[in-house]
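Data first, discussion second: the structure below is written as structure tokens.
Below, each value reflects all heavy atoms present in this structure, side chains not excepted, and no hydrogens, waters or symmetry copies. On a predicted model such as this, the values are computed, not experimentally measured, just so you know. Numbered from 1 within each chain, the chains take letters A, B, ... in sequence-line order.
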Amino acid sequence: MPELPEVETVRRGLAPVLEGLRIEAVELRRADLRFPFPERFAERLTGARVLRLERRAKYLLAPLDTGEVWAAHLGMTGRFSVTAEGRVARPGDFYYAAPPDPRHTHVAFDIEAGARVEYNDVRRFGYMELIPADGLAAHALFKGLGPEPLGPDFTAAHLARAFEGRIQSVKATLLDQRVVAGLGNIYVCEALFRAGISPLRPAGDVSRRKLGPLVAAVRAVLEASLEVGGSSLRDYAGADGAKGGFQNAFLVYDREGEPCLREGCRGVVARTVQAGRSSFHCPVCQR
DNA sequence: CCCACGACCTGTGGGC
DNA sequence: TGCCCACAGGTCGTGG
């Protein structure tokens with residue numbers, strides 16, 4: 001799934017065709033994704049003007065002139081594409097490496113000025129909500145979220161508080177959206193590698209002096225990925241150019257059995273399973 | 001409250 | 001070639 005850099009890349013791709021424009025029609029092709037769509041979803045969106053397109057954690061948020069906010073989470077396989085006249089008009093965002101299978105296009109939005117925005121989601125782990133703007137912060141999906149990792153509240157002091165006394169692994173702790181909001185499996189693995197911290201270490205045992213470097217590593221990895229449009233796994237040759245490129249910069253993720261890329265380290269990347277998910281790390285230089 | 005694990009859903013790739 | 005299992009970017013609910 002899209003983690004923060006991928007969701008932000010999607011946001012940047014969609015913003016120009018949504019912001020300030022009216023939703024003229026909504027075609028809903030099924031009653032649910034991960035959860036049922038909100039009551040009267042299509043009617044509540046039809047005619048609404050999108051004021052802005054924002055992101056919080058891994059959610060896309062579109063405040064509307066109706067007083068509601070349209071929120072979308074992409075789950076593991078959610079993709080937005082923008083088409084006009086039957087062709088992809090804005091290739092290049094995350095996910096556009098191969099055209100989506102139309103059988104899994106579940107919602108389509110016709111936008112003023114002619115764009116058509118389609119939501120495709122093979123596994124249907126994504127979901128959409130309509131939330132009153134004045135109740136957004138208090139909504140169950142948002143009230144417990146931790147700080148944005150690229151924002152001012154994500155600091156070593158914050159991590160020190162969050163890690164204190166925690167016996168859960170630092171890997172699982174960083175995946176917890178209440179601790180920091182927006183990281184997923186790839187970027188946690190990559191950040192821990194860069195900070196020289198083993199994903200297996202209990203969060204409470206991470207040395208305090210490593211917390212500053214960890215914060216810096218998280219930021220650096222996210223920023224580097226954003227620069228190249230996020231990560232695209234399972235790419236296909238011949239894609240349109242601007243698909244995500246960070247998969248080419250992975251230092252540990254999906255590199256089991258390959259040599260550690262840290263200068264001078266002779267380690268070999270190991271794969272372990274934590275909380276049911278693959279972790280990749282170098283047992284020699286990550287402690 | 002904290003933590004581990006199964007569940008949700010479909011597709012793909014590797015091993016036999 | 002075909003089949004079966006493991007695994008995939010997330011997170012929610014359950015049960016210890």
Side-chain angles (χ1 to χ4, degrees), chain A residues 1-10 30-36 55-60 71-80 93-106 119-129 139-146 149 162-191 199-204 221-222 225-226 228-236 243-250 252-257 271-280:
Chain A
M1 160 265 232
E3 305 179 36
L4 186 153
E6 292 77 38
V7 178
E8 177 61 20
T9 298
V10 171
R30 56 177 300 132
D32 58 63
L33 293 171
R34 177 173 186 168
F35 307 116
R55 179 193 56 73
R56 168 76 171 113
K58 301 173 191 172
Y59 293 90
L60 289 171
H73 193 292
L74 305 179
M76 293 276 267
T77 53
R79 318 163 46 157
F80 278 101
D93 292 329
F94 181 65
Y95 294 124
Y96 292 174
D101 181 336
R103 286 177 304 162
H104 301 298
T105 295
H106 308 304
Y119 179 75
N120 184 288
D121 190 345
V122 170
R123 293 175 74 182
R124 305 201 302 272
F125 288 170
Y127 46 98
M128 296 184 190
E129 294 289 346
H139 190 276
L141 290 176
F142 297 96
K143 67 168 185 249
L145 288 177
F163 285 8
E164 168 100 46
R166 230 165 147 138
I167 60 173
Q168 189 183 39
S169 69
V170 63
K171 166 79 185 299
T173 302
L174 289 172
L175 285 173
D176 186 335
Q177 303 296 296
R178 296 170 299 182
V179 171
V180 54
L183 301 184
N185 206 31
I186 291 176
Y187 298 104
V188 169
C189 288
E190 292 293 320
L200 305 172
R201 180 173 287 277
V221 161
L222 296 178
S225 183
L226 274 169
V228 295
S231 305
S232 297
L233 300 192
R234 291 186 205 88
D235 303 337
Y236 300 92
K243 72 191 176 197
F246 196 67
Q247 67 281 2
N248 301 316
F250 291 164
V252 281
Y253 186 82
D254 207 19
R255 293 193 63 248
E256 181 183 16
R271 183 177 86 93
T272 57
V273 175
Q274 295 183 269
R277 336 239 350 236
S278 291
S279 280
F280 298 89

Residue A/R34, side-chain heavy atoms: nucleotide from B/dG11, B/dC3, C/dC12 that is nearest
C/dC12
N or O in side chain of A/R166 less than 4.0 angstrom from B/dC1 OP1/OP2
no
Between A/Q168 and B/dC2, is there a side-chain N or O to OP1/OP2 distance below 4.0 Å?
no
Sugar-phosphate only, base, or nothing, as touched by A/R178 at under 4.0 Å among non-hydrogen atoms
nothing
Just checking A/Y127: base, sugar-phosphate only, or nothing, at a heavy-atom cut-off of under 4.0 Å?
sugar-phosphate
If you assign A/D101 and A/A275 each to the DNA chain B nucleotide with the nearest heavy atom, which residue ends up on the more 5' nucleotide?
A/A275
Could you label the plane-to-plane angle of the A/H73 and A/Y127 rings as parallel, tilted or perpendicular, counting under 30° as parallel and over 60° as perpendicular?
parallel
Examine C/dC7: is either OP1 or OP2 under 4.0 Å from a nitrogen or oxygen in the side chain of A/R271? Give yes or no.
yes
When you check the gap from the basic side-chain N to the acidic O, do A/R166 and A/D176 get nearer than 4.0 Å?
yes
Under 6.0 Å between ring centres, would you say that holds for A/F142 and A/Y59?
yes
So, is A/H104 near the phosphate of B/dC9, with a side-chain N or O under 4.0 Å from OP1 or OP2?
no
Does a nitrogen or oxygen in the side chain of A/R277 sit under 4.0 Å from OP1 or OP2 of C/dA6?
no
Check the geometry between A/F125 and B/dC9 and answer yes if their rings are stacked (centres below 5.5 Å, planes below 30°), otherwise no.
no
Considering every strand and a 4.0 Å limit on heavy-atom distances, what is the contact class for A/G276: base, sugar-phosphate, or nothing?
nothing
Do you know which two heavy atoms are closest between A/V228 and A/F246, and how far apart they sit?
CG2-N, 3.5 Å
Given atom CG of A/N185 and atom C1' of C/dT11, what is their separation to the nearest angstrom?
13 Å
My understanding is that a pair needs two contacts under 3.5 Å, Watson-Crick or G-U wobble. By that rule, which nucleotide pairs with C/dC3?
B/dG15
Atom pair distance, as rounded to whole Å: CZ in A/F142 and P in C/dT11:
11 Å
I'd like the C1' distance from B/dT12 over to C/dT11, given in whole Å.
23 Å
To the nearest angstrom, how far is A/R30 atom CZ from B/dC8 atom P?
15 Å
Within the structure shown, what part of the strands sits under 4.0 Å from A/L175 by heavy-atom distance: base, sugar-phosphate, or nothing?
nothing
From B/dG11, C/dC12, B/dC8, pick the nucleotide closest to the side chain of A/L141?
C/dC12
Please determine, for B/dC9, whether a Watson-Crick or G-U wobble partner exists with both distances under 3.5 Å, and give it or none.
none
Go through the steps for A/E6 and A/S232 under the test side-chain contact (heavy atoms from CB on, under 4.5 Å), then give the verdict.
CA-CA 9 Å; A/E6 292 77 38; A/S232 297; over 6 Å; no
For A/T77 and A/R123, which I'm curious about, is there any donor-acceptor pair between the side chains at under 3.5 Å?
no
A/H73 vs C/dG10: side-chain N/O to OP1/OP2 distance below 4.0 Å:
no
In whole Å, I'd like the distance from the CG atom of A/L33 to the P atom of C/dC12.
15 Å
Distance check, P atoms only: C/dT1 and B/dG11, in whole angstrom units.
22 Å
Indicate, yes or no, whether a donor-acceptor pair under 3.5 Å links the base of C/dA8 to the side chain of A/R123.
yes
From B/dT10, B/dC8, B/dC3, nucleotide with atom closest to A/I167 side chain
B/dC3
Phosphate contact (C/dA8 OP1 or OP2) by A/S278 side-chain N/O below 4.0 Å
yes
